[in-house]
S.K.: 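The following block contains the structure, expressed as structure tokens.
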There are 2 protein chains.
Amino acid sequence: MNESLQNQRKEQILDAALKVLVQNGYEQSRMDDVVKLSKLSKGAIYWYYKSKKEMYLDLVNFWVLRYSVNLNHIVEEEALPSLQLKDLFQYFIDQYESDPQPFIALTDFWSMAQKDEDFRKKLQKVYTHFLELLEGIIDRGVKSGEFKKLDVRMTALSIMVNIESINWFTLFEIHGVSVKEYMETIIDFILSGIMKKH
Amino acid sequence: MNESLQNQRKEQILDAALKVLVQNGYEQSRMDDVVKLSKLSKGAIYWYYKSKKEMYLDLVNFWVLRYSVNLNHIVEEEALPSLQLKDLFQYFIDQYESDPQPFIALTDFWSMAQKDEDFRKKLQKVYTHFLELLEGIIDRGVKSGEFKKLDVRMTALSIMVNIESINWFTLFEIHGVSVKEYMETIIDFILSGIMKKH
DNA sequence: TAATATAGACTGACCGGTCGGTTTAGTTTA
DNA sequence: TAAACTAAACCGACCGGTCAGTCTATATTA
């Protein structure tokens, strides 16, 4: 069996795992459900992953990989920093609207990270990377004069937090406010605060 | 046994429950651990609560009650809306610094809410109430002319989200940024965006 | 080229520990 | 004397992980 077929199998497993995770959360997700959904056998899953935890840790990779390709693409473009931030927000809005499942899973990974070192480290890595990406944009904005002189780290942190706030919408119907509407308002608010006026 | 002694017993149980929850998360929290920590017996705990879930649902009440007394006190004061918002942030900073445990538990309640109707409803109620409180402040700020003409609901939502972001600090050491420092920067940023200039 | 061997991929019944909750038989408290 | 417990044994559903064995495709041999 060649490598791509192995990856296909893993994808098959992780697709199932994500669905199960979203519906039940980590602790309440059953390997037997992953078995059913993946249309493989228990043995097959334990052939590829030595434990439930290993499987879900790999789900993070799987999922981050998908995102990072697009994120890097946004940042590589030679656009205005302010536009890059807008694009970033737009990207997450689009992702959310086309499939909110990964966002739901994120809440669970957060709570996993609270009690498990391995999950915490994995999430930390993901967010550190994302923070660096934001810092890059902001730094360019400051240096080019489009943005005010800001505390780059603090600003990046604040933007990250506000992007993450998209998770609220997975949980609550916030009367009369849509994700799109809310997120677009927020990015405009942030930009109006960090851009130089003239 | 009078009511206050019963409440004291419940407090004894819920204090233990919070500790266990913080260390292990809901699913991995064991009733036997709550028994041990509370220094009561299993029978006693099931005397007061008919199930694990009931117990933890009541933990939310217990914990909300403690907060809401202080929050209402902040809002009742006849201070400037901007100052009330500052006080609110300061209150959460202080709470976090004196005891971050409830904030850690919150992450778990979030993930509970994703999969359990009862927890979701409970959290929804809590946040709805908090939103209304914020909306009250903002509305007064707008009407008194201290704030710009704002979308009250959207602004309240944004402020709530940014207060919640304190949770990040339970999970990650954010290099070189303290809770206090971060939160104070954020509230200043928000205020500078919503207050009328002169 | 048919027979045999080997490794990798996969099956699914089963096991053993775990843990929420119950029961029982008594004891203490107000 | 009823309510509020204690202590400890117990129940039984549940589920992650195991493992003996099967299947398949590709060598290797005779």
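Sequence lines set the chain letters: A, B, ... in the order given, protein chains first and strands last, and positions in each chain run from 1.
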S.K.: How many whole angstroms separate atom NZ of B:K36 from atom C1' of D:dT6?
M.R.: 17 Å

S.K.: When you get a sec, tell me which of D:dG17, D:dT6, C:dG20 is the closest nucleotide to the side chain of B:M31?
M.R.: C:dG20

S.K.: Whole Å only: how far is the OH atom of B:Y56 from the C1' atom of C:dG20?
M.R.: 12 Å

S.K.: Whole angstrom is fine here: how far is it from CD in B:Q12 over to C1' in D:dA4?
M.R.: 13 Å

S.K.: Grab the NZ-C1' distance between A:K39 and C:dC10 for me, whole Å please.
M.R.: 17 Å

S.K.: Hey, does the side chain of A:Q6 come within less than 4.0 Å of C:dA9's phosphate (OP1/OP2), counting only N and O?
M.R.: yes

S.K.: Within this structure, what is the OH-to-P distance between A:Y26 and D:dC15, rounded to whole angstrom?
M.R.: 14 Å

S.K.: Can a side chain N or O of B:W47 be found less than 4.0 Å away from OP1 or OP2 on D:dA4?
M.R.: yes

S.K.: Which listed nucleotide (C:dG12, C:dG20, D:dT6) is nearest to the side chain of B:L40?
M.R.: D:dT6

S.K.: Give the rounded distance in Å between these two atoms: CZ of B:R9 and C1' of C:dT28.
M.R.: 11 Å

S.K.: If we only count heavy atoms from C-beta on, is the B:Y49 to B:K10 side-chain gap below 4.5 Å?
M.R.: yes

S.K.: Can you confirm if the NZ or CZ of B:K180 lies within 45° of the ring axis of B:F169 and under 6.0 Å from the centre of its six-membered ring?
M.R.: no

S.K.: How long is the line joining NZ of B:K52 and C1' of C:dG21, in whole Å?
M.R.: 12 Å

S.K.: Could you tell me if B:K52 sits above the aromatic ring of B:Y26, with its cationic atom closer than 6.0 Å to the ring centre and no more than 45 degrees from the axis?
M.R.: yes

S.K.: Specify the separation, in whole Å, of atom CD of A:E54 and atom P of D:dG16.
M.R.: 16 Å

S.K.: Taking only side-chain N and O atoms of A:Y48, does any of them lie within less than 4.0 angstrom of OP1 or OP2 on C:dC10?
M.R.: yes

S.K.: Just checking B:K42: base, sugar-phosphate only, or nothing, at a heavy-atom cut-off of under 4.0 Å?
M.R.: base

S.K.: Of the options D:dG16, C:dT22, C:dT11, whose atoms approach the side-chain atoms of A:S41 most closely?
M.R.: C:dT11

S.K.: Return yes if some donor-acceptor pair links the side-chain N/O of A:T155 with the main-chain N/O of A:D151 below 3.5 Å, else return no.
M.R.: yes

S.K.: Please check the phosphate of C:dT18 (OP1 and OP2 only) for any side-chain N or O of B:R30 closer than 4.0 Å.
M.R.: no

S.K.: Are B:W168 and B:Y182 an aromatic pair, judged by ring center distance below 6.0 Å?
M.R.: no

S.K.: Does B:I45 or A:G43 map to a spot on DNA chain D nearer the 5' end, using the closest nucleotide for each?
M.R.: B:I45

